[in-house]
Structures are given as C-alpha cells and as structure tokens.
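Just so it is clear: chains get the letters A, B, ... in the order the sequence lines come, proteins before strands, and each one is counted from 1.
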2 protein chains.
Amino acid sequence: MLIRRLGEPYAGQFAIPGGFVLHDESLPVAAARELVEETGYRAKYLEQLYTFGDPDRDPRGRVVTVAYFALVPEDQALAAGSDAGEVKWFPMSNLPPLAFDHAEILRVAHDRLKAKLDYSEVGFNLLPAEFSLSDLQEVHETILGHPIDPRNFRRKLDSRGLVKETDHYRYTGRKPARLYTFAGVNPSAE
Amino acid sequence: MLIRRLGEPYAGQFAIPGGFVLHDESLPVAAARELVEETGYRAKYLEQLYTFGDPDRDPRGRVVTVAYFALVPEDQALAAGSDAGEVKWFPMSNLPPLAFDHAEILRVAHDRLKAKLDYSEVGFNLLPAEFSLSDLQEVHETILGHPIDPRNFRRKLDSRGLVKETDHYRYTGRKPARLYTFAGVNPSAE
DNA sequence: ACAAAAGTGTTCCATATACACCCATGT
DNA sequence: ACATGGGTGTATATGGAACACTTTTGT
C-alpha cells in the first residue's frame, strides 16, 4: 500500500507511508501512528524490517529510516477521516516508480515476508478472523508467487495444529467452504 | 568482545563498542570504524542486527542504536595503537553486568548468529584462511551451545561443497589434521 | 604401548513433494 | 445436468539424527 507524495522531493510519486519519530515515542508506535495518519489503516502485525541509512538516500540531507512492515487483513476497511492523500494498493509484480530508495525497501520486505511465511504464522494477519482454507492458501500463493498443492498445504496446517475448524460455512453458490480460525495465540508482534 | 566504559553513565561497566555515526558516513562504515577505534579489531563479517530505539534506553536522552554484529577470526590479533581502554572477551554463558540495554542486544545477536549458522556460511568468518574440520566443528558447537556428531557434520559440509581440502596438515603431536579452505565466494557481507 | 585427536558408514525416521479424482452446492 | 470451487490419500525422495570404532601420530 503506497501513498502519493504531495510535497517535494519526488512530488506526485508513490512512496511508503512514514514520517518522523516523536521525541518520546518508541519506534513501533511511531510506525503504527504514521500508518494510521497517512492511510487510515491499523496495522494488525508490525515488525521491524531493516534500517536504511545511506548518507545520500534523501536529497534533503541525512535521514535514517527504520523501516517496519505492517500486515493488514483484507476486510480491514479504510477508516474515515484520515488526512491521507491518495492511498493505493499495488501488486508487488507491478509497482509504480517509487520515491527515494523505497523500491529497495519493498524488495527487502517482500523477501522477508516470503521467508517468514512458512516458519511463522504471519499469514493469518492478512485474513479476517474466520477464513476458508482456500483463502489462506491463496494468501500464501500470492506472497510466494507460485501455486501450492492443496493436499500438501492442508496436511502441513494440521500437522502443526495451526487452524481450528468452526461450524460456520461460507455459501458462495458452489460447494460451501468451511471456515476456520487461527489456532495459535495472538498473531501480532512488536 | 566488550569494552569497559570510562565515562558516565554506567562508568566502569562493560558495554558493546559503539558510537555516533558521522554526518556523511554509512551505517556499516560507522560500525566498522567504531569497532576499530575502540578495540583495534577489524570486522571480517558485519551484518546489521536490529535497531533499538526505546525512548528511555539511555538515561542521557533519546538515542537510537542501529546495532551491527561483527565476526572476527581467532587469529586476528589486537592491533597496536588503538585508543581502547580495557577490551575483554567473554563467553556468552558468562557475561558481566552490561551498560544500557546491551545485554538484550547481545541476546538478539546470539540468537541471530545461531539461526544463521546452518543456512549460511558465517562460521568461516571466525576462522583463519586454513582450518581443520575439527576447528570448524568447534566453532559451530561453541555458538550453538551443544555438541555435534562429527560424521553428520562432515557429511553436511561436503554435500554442500563448502570446503576445499588443501595438502597442508597441522602437526600438533597427535594425528595430523588436514587443513581446508572455505570453498564459497568471499564470505563477508555488507 | 598408549594417549589423544582425526577420521569414517549405515540405519532410521520425519518431513517435503508429486500427483488426480470425488463432493456439494446453486443455477 | 453441469459448472465451480471444496475437499481428500498414497507413494517416493530427501535430509536430519543416532550411533562406535579405526587410524595416525608423538611421547
């Protein structure tokens, strides 16, 4: 999710939402605050990504960016009343030109997310509380960029006890999909 | 490797070497420079670890620390003429009380090193150019904190083609150990 | 001869991968 | 009835873990 920059430098280009840390604020709190202010979205998962500090990465002068990445469920609608300008979602495979070194930051974030996906439980943060196994599989396929065999995927899920079935179904005109919830503890971080 | 602090706060306590980034200096260059200045050691491997930014982690005021971890081969002797005060090595299992949140930083560094050890090749950065397989195994055992079976260890090494044998041996009064070199590309980073 | 570290194979188990068909529903 | 996405089992390959003895040297 990117925002279109209003001021210079890089006015009119897309950039990762962000801003300056307040004097008595921790880094993750600052990241979450800037995200809400600029986009209206609340981060469900927030993890420190990497710190970018090359002296010339910002034409205005020396700026060190402690980048965080946030995950937000699909159904988490844009809150009203944000002071955001244009906020837009892009697939990683089709990004617009980005301000500063933000393309590099996104690349690092995508790599990290792919790496974490199968040894941690971050994927659940991209889904609503109840979801079908196909939903979850689709999230994984989207992030990893390749198809997954549904039998293997489901086997892994229940060998790790990651999901709990509910007795709810989603009726979408075809065979109804059983809905599941995340079986672990609170999937958030930071 | 820790240094004893001279000034306040935490005067006399041990701390991770470090200091402030110069205005036109990149973060890894600053980390390497501070390490040399304060300890005389040159980092053979340097990797960004994590950024610590809690508002109250330094009693003097808001200080954000971008922590790096460095690996140094055993045989890399302390350079003469460093302006260091007391520099001392400690086993992770027996650390002295540390200044600031440095105990936490070391914990994170140790975890990261353990995690990287078997999917990357960082271990070689702790050894001289030629080493015996027992040396390498000992490095791994020390970092991981548990013994490793030598047959499994060697099998893994050559299934991954990580080492090249030389025709040198080390004669130490027992059966001589064949010496190996790292077979990968330059093991450094950053 | 013996002490000490170097070096060497096989078995077993767990996990990952490849692969194709039936099921339940709405229209 | 059929189209659509939901749901299921088996066989094979691969990597990790457990396990003990022989070899070579200096003393």
**Study point:** Leu179(B) CG to dA5(C) P, straight-line distance once rounded to whole Å
**Key:** 17 Å

Study note, to complete from the structure: Ranking Arg170(A) and Asp149(B) by the position along DNA chain D of their nearest nucleotide, the one closer to 5' is Arg170(A)

Exercise for review: Report yes if the distance between the aromatic ring centroids of Phe52(B) and Phe100(B) is under 6.0 Å, otherwise no.
Suggested key: no

**Study point:** Gap between atoms CD and P, on Glu138(B) and dA5(C) respectively (whole Å)
**Key:** 11 Å

**Study point:** Polar side-chain atom of His110(A) near backbone of Ile143(A) as donor-acceptor pair, under 3.5 Å
**Key:** yes

Check your understanding: Can you check the Arg151(A) CZ to dT17(C) C1' distance for me, whole Å?
Key -> 11 Å

Check your understanding: Taking 4.0 angstrom as the limit, do Glu47(B) and Lys116(B) come out as a salt bridge?
Key -> yes

Revision key, fill the gap. From CD1 of Ile148(A) across to P of dA18(C) the rounded distance in Å is 12 Å

Point to revise | Base of dT15(C) paired with side chain of Arg160(A) (donor-acceptor, under 3.5 Å) | key: no

Check your understanding: Can you pull the contact range of chain A along DNA chain D, 5' to 3', using atoms under 4.0 angstrom from its heavy atoms?
Key -> dT4(D) to dT10(D)

Exercise for review: Whole angstrom is fine here: how far is it from CG in Asn152(B) over to C1' in dT10(C)?
Suggested key: 11 Å

Review point. Any ion pair linking Arg154(B) and Asp158(B) (charged N to carboxylate O, less than 4.0 Å)?
Key: no

Exercise for review: Please report the C-alpha distance between Phe131(A) and Phe124(A) in whole Å, then the side-chain angles of each, then the deciding distance to 0.1 Å, and finally whether the ring pair (Phe, Tyr, Trp, His ring centres under 6.0 Å) criterion is met.
Suggested key: CA-CA 9 Å; Phe131(A) 49 84; Phe124(A) 298 102; 5.7 Å; yes

Review point. Atom CG of Asp158(B) to atom P of dG7(C): distance rounded to whole Å?
Key: 13 Å

Practice item. Using a heavy-atom cut-off of under 4.0 Å over every strand shown, decide if Arg178(B) touches base, sugar-phosphate, or nothing. Key: sugar-phosphate

Protein-nucleotides 24-27 of chain C N/O pairs under 3.5 Å:
from, atom 1, to, atom 2, distance (Å)
dG26(C), O4', Gly173(A), O, 2.5

Exercise for review: Take atom CG of Leu136(B) and atom P of dG7(C), then tell me their distance rounded to the nearest Å.
Suggested key: 12 Å

